[in-house]
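Taking it in order: structure first as structure tokens, then the write-up.
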Amino acid sequence: MLHPPLSSNITTNGAYTAAVEEQQLLRLLDGCTGGIRPAKRIHAHIIIRGLAQSNFLIAKLLRKATTIHRPEDYDTTTSSTSMDYSQLVFEQVSRPNAFLWTTLIRAYALRGGPEAFLLYNRMAALGTPRPISFTFSALFKACSASQQGKDIQAHTLKLGFDSDLYVQNTLIDLYVRCGCVNDARRVFDTMPTRDIISWTAMIVAYAKGGDMEAARCLFDSLPHKDMVSWTAMLSGYAQNAKPQEALQLFEEMKAAGVPIDEVTLVGAINACAQLGVLHLARQIHSLVMDYGGPESVVVGSALIDMYAKCGSLKEAYQVFEKMTVKNVFSYSAMIGSFAMHGHGRAALRLFSQMQATDIPPNSVTFIGVLAACSHTGLVEEGVQCFATMQDEYRISPSADHYACMVDLLGRAGRLEEAHELLKTMPIKPHAGVWGALLGACRIHGNANLAEVAAKHLFEVEPDGIGNYVLLSNIYAAAKRWDDVRRVRKEMRGRGLRKNPGCSWVEGKEGVQKFFAGDVLSEEIETALEELLEKASAAGYVPKLDCVVYDVSDGEKEQVLKRHSEKVALAFGLLTMESRIRIVKNLRMCDDCHLLMCVASRVAEREIVVRDNMRFHHFKQGACSCGEFW
DNA sequence: TTAGGGTTAG
């Protein structure tokens, strides 16, 4: 039996017995897994032993009962949640102390919603007990808008918590979550003492705001960095499209002997996915295995995405299959992976499998599903999924979903329908939606509708350089040179310059990067010439329309020849014995696509190209996209 | 009590 009968409390040594029993129950609570049902069992013991008024015990009990993400969060026998139960237990304590109040406030705060504030207001109205610093760190966690934070901050000032490290650190974090970098910095600057947590929170503030130089400046001036501050910096680089800097930091971190955990690895995985370099991906994967394999679904989902973006759909699927716990992220990542490689049917099959589980798809899942249909020309299926999303899953389509639908219809040549959908959508179309229409106009050579799309596009995204390039491409294809000049003049007037095309390719001695128009080594120049000769003999004729300048055909040919992916291909032919993998920063042009097709046949090589849209796998003269891109 | 993480269209 766990406890002696109640009567044993009534001894001359009652206080001593109670203390011993409290210790026993605390140990019991420490050993319990958390969740509502185990908590209820221990609560029964607490009541039997007459300790239901112990603030300390009850606070610990509530912390256990309200542990989130446990299946026991809902008790089917009483139809109550752990919060209903905790509230009830709390109300039975006649003199709750500040710690007990705070425990309940924190539990509500972690769940979101207004209850945390209501409870605090009740506490403040009573006037006793007075809040403690813990109370405010819990309240700041409950805030989701900076104004709420400012209101609570006024209370901290009044009660003298304005120099408390924990309170101020949580306040910085709140401003970071709300995107208020300046407010976060003001708190940071006025703190009498700061610790590594204050610094790291501030590094994150700058990283979220895209100011990686300011983040780096703080990071460099931190005398004692820990794993979290290193990881914050690394992830910041990855999130701001600076994968090389992220991986460089990862190497430095390892060299400095800083420990690494799953969060660090996720940052590195993410960076590697952006670079698209497969041998690096494999290295990081084996590092993950050294750390015990992808134990969390977070790492697994990141790995799936990484392998897909590095061109290996097979390895992405292997990771997915091996995952023992799958969730909406892992399914969405895998469906999106099939989509970017043009495997629409496989994406739809996996989506069906997902529907048979108890994991409901979310709006991101549908982006993947719709993109898969769009990249494979499965128009009716896409239309059907768009309806299912709304009717069955009650997900209202976002502008991104409309962009997919406009792309789906437009790509398939149903331009008017796409335009009609766009005009009747209930939310404001963003640049992506008009961009999809403009892209479809390019494919189907509809310069008139392109003008309509471009007009709107320039309104919502006046500095989107790609839009001007796309429009001038469309005019160029229609040989409307005056219009081409007009667009180019507009670009110049706005101080916009074309992003230089850039490709990188995996060689034996690392990754080689090429820019369009680079001066080439003799070796590469020769390899390129030989390739073009062989291709011409096999029927390749340069698509001069791809050049948007009104210059002679000879000059156009020279421009095309220097496109970075062609140079990368020539380099790959020289250095790689088998498959050639190229990553490009912009969209591949029609001419390069054609040459890749022909080259895969005449050079008898598999070529995999990732551009900023999707993957193309070239093999024996054909592309996996089936010319539908 | 307080800081770092995964899937998103053109």
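Here is the naming used below: chain letters follow the sequence lines, and residue numbers restart at 1 for every chain. Since the structure is predicted, the reported quantities are computational estimates derived from the model, not experimental observations.
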- Going 5' to 3' on DNA chain B, which nucleotide is the first and which the last to come under 4.0 Å of a heavy atom in chain A? B/dT1 to B/dG10

- Kindly state each residue pair satisfying side chain to side chain donor-acceptor pair (under 3.5 Å) with at least one member in residues 428-444 of chain A, sequence neighbours excluded. A/D400-A/H430

- Message: Need one value for A/A399: base, sugar-phosphate or nothing, where a base atom within 4.0 Å counts as base even if backbone is also close, heavy atoms only.
- Response: nothing

- For residues 404-411 of chain A, which residues have at least one heavy atom under 4.0 Å from DNA chain B? A/C404, A/D407, A/R411

- Task: Can you establish whether the number of heavy atoms outside A/F56 located under 6.0 Å from its atom CZ is more than 12?
- Result: no

- Message: Heavy atoms only, 4.0 Å cut-off, all strands: where does A/S363 land among base, sugar-phosphate and nothing?
- Response: nothing

- Task: Name all residues meeting the salt bridge (charged side-chain N to carboxylate O under 4.0 Å, His left out) criterion together with A/R216; count only those two or more places apart in sequence or in a different chain, and write none if there are none.
- Result: A/D220

- Item | For A/N327, all residues meeting side chain to side chain donor-acceptor pair (under 3.5 Å), sequence neighbours excluded | A/S330

- Task: Report which part of the nucleic acid A/S133 touches: base, sugar-phosphate, or nothing (heavy-atom distance under 4.0 Å, all strands).
- Result: base

- Message: Under 4.0 Å, heavy atoms only, any strand: does A/N270 hit a base, just the sugar-phosphate, or nothing?
- Response: sugar-phosphate

- With a 4.0 Å cut-off on heavy atoms, is A/K225 in touch with a base, just the backbone sugar-phosphate, or nothing at all? nothing

- Message: Around atom NZ of A/K242, are there more than 12 heavy atoms from other residues, nucleotides or ligands closer than 6.0 Å?
- Response: no

- Message: Under 4.0 Å, heavy atoms only, any strand: does A/V167 hit a base, just the sugar-phosphate, or nothing?
- Response: nothing

- Message: Students often get this wrong, so: under 4.0 angstrom with heavy atoms, is A/D173 touching a base, only sugar-phosphate, or nothing?
- Response: sugar-phosphate

- Query: Which part of the nucleic acid, if any, lies within contact of A/V364, taking any heavy atom under 4.0 Å across all strands shown: a base, the sugar-phosphate backbone alone, or nothing?
  - Reply: base

- Task: Tell me, please, which residues at least two apart from A/Y120 pass ring-ring contact (aromatic ring centres under 6.0 Å, His included).
- Result: A/F136, A/H155

- Quick one: salt bridge (charged side-chain N to carboxylate O under 4.0 Å, His left out) partners of A/R414, sequence neighbours excluded? A/E380, A/E417

- Looking for any heavy atom pair under 4.0 Å, which part of the strands does A/G432 touch: base, sugar-phosphate only, or nothing? base

- Message: Could you work out, with side-chain contact (heavy atoms from CB on, under 4.5 Å) as the rule, every residue matching A/K208, not counting sequence neighbours?
- Response: A/V176, A/V204

- Check every strand shown and say whether A/E262 touches a base, only sugar-phosphate, or nothing at a heavy-atom separation below 4.0 Å. base

- Heavy atoms under 4.0 Å, any strand shown: does A/T264 hit a base, just sugar-phosphate, or nothing? base

- Query: Just checking A/E461: base, sugar-phosphate only, or nothing, at a heavy-atom cut-off of under 4.0 Å?
  - Reply: base

- Note on the structure: salt bridge (charged side-chain N to carboxylate O under 4.0 Å, His left out) filter on A/K322, not counting sequence neighbours, yields none

